[in-house]
K.L.:
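Could you have a look at this structure, given as structure tokens, before my questions?
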Amino acid sequence: MGKAADKTLIQSRMLNRGKGPAVHSLRAQIDRMAYHDLMKNTVEKQENLFLKQAEITDILFENGAVSGVKTMLGTQYRCKAAVIATGTYLGGVIHVGAVSYPSGPDSVKPAEKLTQSLIGAGVEIRRFKTGTPARVHKRSIDFDKLEEQSGDEEIVPFSFSTKGGLKNAVKCYVAYTNEETHRIIKDNIHLSPIYSGRIHAIGPRYCPSIEDKIMRFSDKPRHQLFIEPMGLGTEEYYLQGMSSSLPEFVQLQFLHSIKGLEHVEIMRNAYAIEYDCCDPTAQGSSTAHRATKKPLRRDLSQVSTRR
């Protein structure tokens with residue numbers, strides 16, 4: 001991943017340089033599509049690795065041990081171990097205002113059946129949620145009103161095997177919310193599924209939506225957002241720090257209140273996504289389940305949403 005990040009880098013900055021080296025944090029802006037294509041091609045060319053693209057619906061067991069996986073089409077692949085890396089696709093549900101629908105990120109099909117198989121195997125399942133900001137069109141941004149954020153002159157690569165030659169290809173920008181932005185969000189907070197009670201899951205880490213920032217930190221006169229290109233071959237820009245689950249018309253209203261975004265065009269709206277994940281603190285519970293043959297979870301209504 002580090003090598004791929006260096007090969008598809010478009011801007012790099014070392015954060016927290018004003019503090020001690022213990023908190024220095026390398027942040028790279030990556031061309032999203034170039035990274036995807038590079039990693040897919042890398043996997044395809046890897047010797048002794050056989051790539052199969054299908055939805056896994058079941059984990060298979062024999063004599064108390066993993067013996068394979070089963071696809072939605074009924075095909076079985078035998079294995080001695082199965083690594084499940086589900087991201088936000090497992091049981092994914094997207095929320096935008098009053099609208100909710102099954103989906104993975106970016107409207108990709110979710111994995112809807114694997115959760116039940118994991119529960120049947122005794123795996124502790126939790127429900128998390130996260131969010132993503134709107135993507136907007138470059139032509140609709142007034143960059144003259146924004147703070148420019150250039151990359152570092154001397155770039156620190158992600159991979160130790162990368163030996164120089166890295167260059168910044170783009171500039172990023174900074175904008176700020178204001179009192180009008182905050183008023184619009186507060187006036188429409190009842191339309192947020194997080195505050196209306198339709199979302200009960202918790203976030204995996206501290207990464208609040210813009211409505212959370214406004215409501216929790218009402219003493220703050222403004223909040224920062226970063227305006228970043230998605231890649232060299234697209235006009236899409238990413239509004240880092242502005243994830244939201246408010247209705248699309250509200251998203252457009254509060255974005256238009258921000259200096260430099262008065263006429264911004266949303267290409268893809270922001271949304272919140274709920275998804276299933278395995279509880280890492282419950283490792284070993286599935287072994288106990290297979291020994292006792294007693295299910296730890298009977299159905300999805302019992303999925304934990306502990307805070």
Side-chain angles (χ1 to χ4, degrees), residues 1-14 25-59 66 68-92 94 103-114 130 132-138 151-152 154-172 204 226-240 267-268 271 273 275 277-278:
M1 291 173 67
K3 293 177 181 179
D6 289 339
K7 289 178 180 178
T8 55
L9 174 77
I10 56 178
Q11 192 196 72
S12 179
R13 285 173 59 87
M14 184 66 77
S25 178
L26 182 61
R27 181 186 177 281
Q29 185 73 13
I30 304 301
D31 187 313
R32 188 182 187 191
M33 291 307 298
Y35 182 93
H36 169 88
D37 292 342
L38 175 64
M39 286 302 295
K40 185 173 184 293
N41 191 245
T42 299
V43 170
E44 291 169 343
K45 291 181 177 179
Q46 178 61 46
E47 187 179 0
N48 296 324
L49 180 63
F50 300 90
L51 181 62
K52 306 291 182 181
Q53 301 179 72
E55 181 184 348
I56 300 300
T57 58
D58 291 283
I59 309 297
V66 172
V69 296
K70 183 180 178 180
T71 75
M72 181 179 64
L73 299 178
T75 303
Q76 295 186 16
Y77 295 100
R78 309 293 291 180
C79 63
K80 294 181 179 180
V83 178
I84 311 298
T86 57
T88 58
Y89 293 86
L90 189 61
I94 279 181
S103 178
D106 294 341
S107 296
V108 177
K109 190 177 182 295
E112 298 187 85
K113 296 183 179 180
L114 183 57
T130 189
T132 192
R135 276 67 158 176
V136 300
H137 202 296
K138 178 181 179 180
D152 294 335
E154 186 175 341
I155 296 177
V156 178
F158 259 100
S159 173
F160 291 112
S161 66
T162 302
K163 305 300 181 184
L166 300 181
K167 296 181 180 180
N168 294 300
V170 299
K171 295 177 181 178
C172 296
F226 299 91
I227 301 174
E228 308 162 340
M230 295 285 288
L232 300 180
T234 178
E235 298 296 288
E236 274 190 310
Y237 271 65
Y238 187 89
L239 304 183
Q240 181 71 261
M267 297 178 71
R268 289 190 285 172
Y271 59 82
I273 183 168
Y275 58 97
C277 61
C278 301

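Counting begins at 1 with the first residue of the sequence. Bear in mind the structure is a predicted one, so any value in this text is a computation, not a measurement.
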K.L.:
Using the rule side chain to side chain contact (heavy atoms under 4.5 Å, CB included), only one of Ile59, Thr57, Asp58, Val69 pairs with Leu114; which is it?
P.N.:
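Per the side chain to side chain contact (heavy atoms under 4.5 Å, CB included) rule, the option paired with Leu114 is Ile59, out of Ile59, Thr57, Asp58, Val69.
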K.L.:
Can you find a heavy atom in the side chain of Thr130 that is under 4.5 Å from one in the side chain of Tyr275?
P.N.:
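Side-chain contact under 4.5 Å: yes.
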K.L.:
Determine, stepwise, if the pair Met1 / Tyr35 fulfils side chain to side chain contact (heavy atoms under 4.5 Å, CB included).
P.N.:
CA-CA 9 Å; Met1 291 173 67; Tyr35 182 93; 3.6 Å; yes
K.L.:
Locate the shortest heavy-atom distance separating Gly104 from Tyr89; write the atom from each residue and the value.
P.N.:
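That would be CA-CD2, 4.0 Å.
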K.L.:
Using every non-hydrogen atom in the two residues, find where Pro229 and Cys172 come nearest and quote the distance to one decimal.
P.N.:
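Here Pro229 and Cys172 meet closest at CD-SG, 4.1 Å.
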K.L.:
Which pairs pass side-chain hydrogen bond (donor to acceptor under 3.5 Å, both in side chains) with one or both residues in residues 159-171, sequence neighbours excluded?
P.N.:
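Residue pairs passing side-chain hydrogen bond (donor to acceptor under 3.5 Å, both in side chains), neighbours aside: Asp6-Thr162, Glu148-Lys171, Ser159-Ser161.
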K.L.:
Between NE2 of His36 and CG of Asp31, what distance do you get to the nearest 0.5 Å?
P.N.:
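Output value for this atom pair is 12.0 Å.
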K.L.:
Would you indicate whether the side-chain heavy atoms of Asp106 and Tyr271 approach each other to under 4.5 Å?
P.N.:
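In contact.
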K.L.:
Once you round to the nearest 0.5 Å, how far does OG1 of Thr71 lie from CD of Gln76?
P.N.:
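It comes to 9.0 Å.
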K.L.:
Closest heavy-atom contact between Ala169 and Leu232?
P.N.:
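Closest heavy-atom pair between Ala169 and Leu232: CB-CD2, 4.1 Å.
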K.L.:
Minimum heavy-atom separation for Phe158 and Ala5, please, with both atom names.
P.N.:
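Scanning both residues, the minimum pair turns out to be CD1-CB, 4.1 Å.
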K.L.:
How long is the gap from CD on Glu44 to CZ on Phe50, to the nearest 0.5 Å?
P.N.:
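Interatomic distance, Glu44 CD to Phe50 CZ, rounded to 0.5 Å: 14.0 Å.
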K.L.:
Answer yes or no: is there a side-chain heavy-atom contact under 4.5 Å between Thr132 and Ile273?
P.N.:
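Counting from C-beta outward, Thr132 and Ile273 never come under 4.5 Å.
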K.L.:
Any chance you could measure Leu73, atom CG, to Glu55, atom CD, to the nearest 0.5 Å?
P.N.:
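Atom-to-atom, Leu73:CG and Glu55:CD are 9.0 Å apart.
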K.L.:
What pairs with Thr234 under side chain to side chain contact (heavy atoms under 4.5 Å, CB included), at least two apart in sequence or on another chain?
P.N.:
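With sequence neighbours excluded, Thr234 shows a side chain to side chain contact (heavy atoms under 4.5 Å, CB included) to Met230, Glu236, given in chain and number order.
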K.L.:
Below 4.5 Å, heavy atoms only, C-beta onward: do Val156 and Ser12 meet side chain to side chain?
P.N.:
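Contact flag for Val156/Ser12 side chains = no.
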K.L.:
Considering residues at least two apart in sequence or located in another chain, which fulfil the salt bridge (Lys or Arg N to Asp or Glu O under 4.0 Å) criterion with Arg13?
P.N.:
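Once residues adjacent in sequence are excluded, Arg13 has no partner under the salt bridge (Lys or Arg N to Asp or Glu O under 4.0 Å) criterion.
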K.L.:
Answer yes or no: is there a donor N or O on one side and an acceptor on the other, between the side chain of Glu235 and the main chain of His137, under 3.5 Å?
P.N.:
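Side chain of Glu235 to backbone of His137: no pair is present.
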K.L.:
Supply the atom-to-atom distance Tyr237 OH to Arg135 CZ, rounded to the nearest 0.5 angstrom.
P.N.:
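With rounding to 0.5 Å, OH (Tyr237) is 14.5 Å from CZ (Arg135).
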K.L.:
Work out which heavy atom in Ala28 is nearest to a heavy atom in Leu9; give both atom names and the distance.
P.N.:
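Smallest heavy-atom distance, with atoms named: CB-CD1, 3.6 Å.
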K.L.:
Check Gly151 against Gln11 and note the closest heavy-atom contact, atom names and distance.
P.N.:
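For Gly151 and Gln11, the tightest heavy-atom pair comes out as N-NE2, 3.4 Å.
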K.L.:
Give a yes or no on whether the backbone of Met14 and the side-chain of Asp152 come within a donor-acceptor separation of less than 3.5 Å.
P.N.:
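Checking the backbone N and O of Met14 against the side chain of Asp152, a donor-acceptor pair under 3.5 Å is found.
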K.L.:
Could you state the interatomic distance from OG1 (Thr8) to CD (Gln29), rounded to the nearest 0.5 Å?
P.N.:
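So the gap between those two atoms works out to 10.5 Å.
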